[in-house]
Amino acid sequence: MKPILLVVMDGIGFSKSGIGDAITAAHTPTLDKLMAECPMVRLKAHGSAVGLPSDDDMGNSEVGHNALGCGQIYSQGAKLVNESIESGKIFASDAWKKAAGNCVENGSTMHFLGLLSDGNVHSNISHLFAMLEAAKKEGVKAARVHVLLDGRDVPATSAMTYVDALEAKLAELNDDTFCGKIASGGGRMVVTMDRYQANWNMVKCGWDTHVLGKGRQFATAGEAVETLRAETGAIDQDLPPFVIAENGTPVGTIEDNDSVIFFNFRGDRAIEISMAFDDEDFTHFDRERRPNVVYAGMLQYDGDLKLPKLYLVSPPEIRNTLSELLIANGISQYAVSETQKYGHVTYFWNGNKSGKFDDELETFKEIPSDLVPFDQRPWMKCAEITDDLIEAIRSKKYGFLRCNFPNGDMVGHTGSMDAAIVSVAALDLMLARLKAVCDEEGVTLILTADHGNADEMFEKNKKGNLQVRTAHSLNPVPFIVCDSSYELADGEYGLANVAPTIAKMFGIEPPACWEASMLK
């Protein structure tokens, strides 16, 4: 039985339009050769293939790695929340009752904090609207919304579309019994939404802005967005923080006896702010004051850490993962990436589980990411990841190895075509190194991706003009088996077909609940 190395080339898809295709534009002799000579199929990596509501919904790294790692399709993210709102379960949850009841009992404010967009990757503005309506019906008198601007999962400068929609919804709800206002905000890559503890200063910036009301003041969110964009030239995700104030006083600081709901459903960028609210012994930055609030997340973002303690919608209980199947068959595993995607090849791969199923058979390695803008160092840590993988392969300790190269995704999100081209070329150099070592050591190399991104760096706006695209694409991704002893069957496949294919390669019968193998 040959060892297998699975490489997830994050953000590498097949362009359908040819517009802004950094992958085709990059010098990729290795990837080109493997695609031409090896068994390959194209995988669906968005929408229904990864448990999202519709095929208009782009995939993301979290649901992508869930599907890759478990061989099944679970209701995820927006779809999971949609179902809970439609059934009313979200408003019958203990967390909602405590949050709303706390405000009614104390005459206090309910705060909503999260990403203001309909990108369906981290959040959806429709969920916020449903909760604002429900809060008013519950008898909550005051609501404040702290808006994180997207420009990453939606067009790069679309913030006002969502700000205007929110202002209209609040105007519709406001009357003598209810007062809702936007209280603060900022770009998602500047304020609050750090992940994997890579930059706690982002979270502190969010705490100071949303909780303490510290920061540059504006009369409205619209004024803030337009002024800051004119001054900085930044796209939405990079806009500086702002505070809405009246007569010099912030309209929505978070105080004792208030309630706070973080309405993102995706976990990676919700964990750190949840720690700041939930943890009494928090030490990552000086909170200055920690208000006594009822705090709840849209979902529980980390089930093992029980974070946050209160959550509105239960996450999918992912069972029968590939890791569990391999462990049951005594196959040792190795997982590595840099900080930006380390959680994807561990936590998300293992079905939203922190830690390991088996300490002896699983080894995880995190390579710290650089704290610089990704377009300034587009190769990221691909060389270090490769060095580490080569050492792990040559140790002959592992039957199944997996890694994630973040380049195509993280650099793709910056909107820089030139940097994205460099990132893909750097990845190709590393694939050449890995292919040579795999051939030397008798390891089957498999290449795939979790979603597209660098394949579509531009898009046409409604006027037909090209504009920067920073969001994931809806394009298919490759599945390449760099081993001529295997054949792949024709068919329509998605990311969930990868795990059963790997199981078959090991001669293991996949569970009946899994999708089909792609092997002939």
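Along the sequence shown, the residues carry numbers beginning at 1. Not measured: the values here are computed from a predicted model.
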Atom CD of residue position Glu492 - does it have more than 12 heavy atoms of other residues, nucleotides or ligands inside 6.0 Å? no
Output yes when Asp236 and Arg152 qualify as a salt bridge under the 4.0 Å nitrogen-oxygen rule, no when they do not. no
Determine whether Leu307 and Asp279 satisfy the following criterion, side-chain contact (heavy atoms from CB on, under 4.5 Å), listing intermediate values before the conclusion. CA-CA 9 Å; Leu307 190 73; Asp279 294 353; 4.2 Å; yes
So with a 6.0 Å cut-off around NZ of Lys309, is the heavy-atom count from everything else above 12? yes
CG of Asp490: more than 12 outside heavy atoms within 6.0 angstrom? no
Non-hydrogen atoms of Pro53 and Lys79 that approach each other most closely: CG-N, 3.5 Å
Applying side-chain hydrogen bond (donor to acceptor under 3.5 Å, both in side chains), name anything that partners Asp194, two or more places apart in sequence or on another chain. none
Please determine whether a side-chain nitrogen of the Lys or Arg among Arg469 and Glu459 lies less than 4.0 Å from a carboxylate oxygen of the Asp or Glu. yes
Which heavy atom in His46 sits nearest to a heavy atom in Gly59, and how many Å separate them? CB-N, 3.4 Å
Distance (rounded to the nearest 0.5 Å) between Arg394 CZ and Leu389 CG: 12.0 Å
From Leu445 atom CG to Ile480 atom CD1, the distance as rounded to the nearest 0.5 Å: 8.5 Å
Measuring only between side-chain heavy atoms, which start at C-beta, is His472 closer than 4.5 Å to His413? yes
Would you find more than 12 non-hydrogen atoms of other residues, nucleotides or ligands less than 6.0 Å from Glu391 atom CD? no
Does a salt bridge link Arg195 with Glu272, judged by any charged N lying under 4.0 Å from a carboxylate O? no
For residues Phe262 and Ala270, report the shortest heavy-atom separation together with the two atoms involved. CE2-CB, 3.5 Å
Using modelled atom types only, decide if a donor and an acceptor are shared between the side chain of Asn350 and the backbone of Lys353 within a distance under 3.5 Å. no
In the structure I gave you, are the side-chain heavy atoms of Val50 and Ile73 within less than 4.5 Å of one another anywhere? no
Could you tell me whether Arg319 and Glu324 make a salt bridge, using a distance below 4.0 angstrom between a side-chain N and a carboxylate O? no
Suppose we call two aromatic rings close when their centres sit under 6.0 Å apart. Are His344 and Tyr342 close by that rule? no
Asp409/Lys341 salt bridge by N-O under 4.0 Å criterion: yes
With no hydrogens and no angle check, is any side-chain donor or acceptor of Asn124 less than 3.5 Å from a backbone partner on Ser126? yes
What are the two closest heavy atoms between Cys438 and Ile393, and how far apart are they? SG-CD1, 4.1 Å
Is there a side-chain contact between Leu239 and Arg229 (heavy atoms, below 4.5 Å)? yes
What's the spacing between Tyr301 OH and Tyr311 OH if we round to 0.5 Å? 12.0 Å
Would you call Val477 and Ile12 a side-chain contact if the rule is heavy atoms closer than 4.5 Å? no
Would a distance-only check, ignoring hydrogens and angles, find a side-chain to backbone donor-acceptor pair under 3.5 Å from Asp428 to Val424? no
Note: Asp238-Arg188 ion pair, threshold 4.0 Å (strictly below): no
Do the non-hydrogen side-chain atoms of Asp10 and Phe405 ever get within less than 4.5 Å of each other? no
So how far is it from Lys204 NZ to Thr192 OG1, rounded to the nearest 0.5 Å? 12.0 Å
Checking side-chain polar atoms at under 3.5 Å, does Asp418 have a donor or acceptor matched by the opposite partner on Ser416? no
Keeping Asn407 on the side-chain end and Pro378 on the backbone end, is there a donor-acceptor pair under 3.5 Å? yes
How far apart are the closest heavy atoms of Gln340 and Ser369, and which atoms are they? N-OG, 3.1 Å
Can you tell me how the ring of Tyr334 sits relative to the ring of Tyr398, calling it parallel under 30°, perpendicular over 60° and tilted otherwise? tilted
Minimal non-hydrogen separation, Leu149 against Ala159, with atom names: CD2-CB, 4.2 Å
Can you sort out the partners of Phe458 under ring pair (Phe, Tyr, Trp, His ring centres under 6.0 Å), two or more places apart, ordered by chain and number? none
Atom pairs and distances, side-chain donor-acceptor, residues 513-520, under 3.5 Å, sequence neighbours left out:
residue : atom : partner : partner atom : Å
Trp514  : NE1  : Cys70   : O            : 3.0
Trp514  : NE1  : Asn320  : O            : 2.8
Ser517  : OG   : Leu519  : N            : 3.1

Could you tell me whether Glu338 and Lys365 have a side-chain N and a carboxylate O separated by less than 4.0 Å? no
Please check: side-chain N/O of Thr209 versus main-chain N/O of Cys205, any donor-acceptor pairing under 3.5 Å? yes
Any sub-3.5 Å donor-acceptor pair from Ser123's side-chain atoms to Leu115's backbone N or O? yes
Looking at CD1 of Ile23 and OG1 of Thr28, how far apart are the two atoms once the value is rounded to the nearest 0.5 Å? 8.5 Å
Step by step, work out the side-chain contact (heavy atoms from CB on, under 4.5 Å) result for Asp150 and Leu116. CA-CA 7 Å; Asp150 193 347; Leu116 190 72; over 6 Å; no
Salt bridge present between Lys44 and Asp55 (N-O < 4.0 angstrom): yes
Any heavy-atom pair between the side chains of Phe285 and Asn201 that's under 4.5 Å? no
Without hydrogens or angle criteria, can the side chains of Trp200 and His284 be said to hold a donor-acceptor pair below 3.5 Å? yes
Do the side chains of Met380 and Ser423 get nearer than 4.5 Å, heavy atoms only? no
Around atom NZ of Lys397, are there more than 12 heavy atoms from other residues, nucleotides or ligands closer than 6.0 Å? no
Euclidean distance, Cys482 SG relative to Lys33 NZ, rounded to 0.5 Å: 11.0 Å
Within the 4.5 Å heavy-atom criterion, are Met58 and His451 side-chain neighbours or not? no
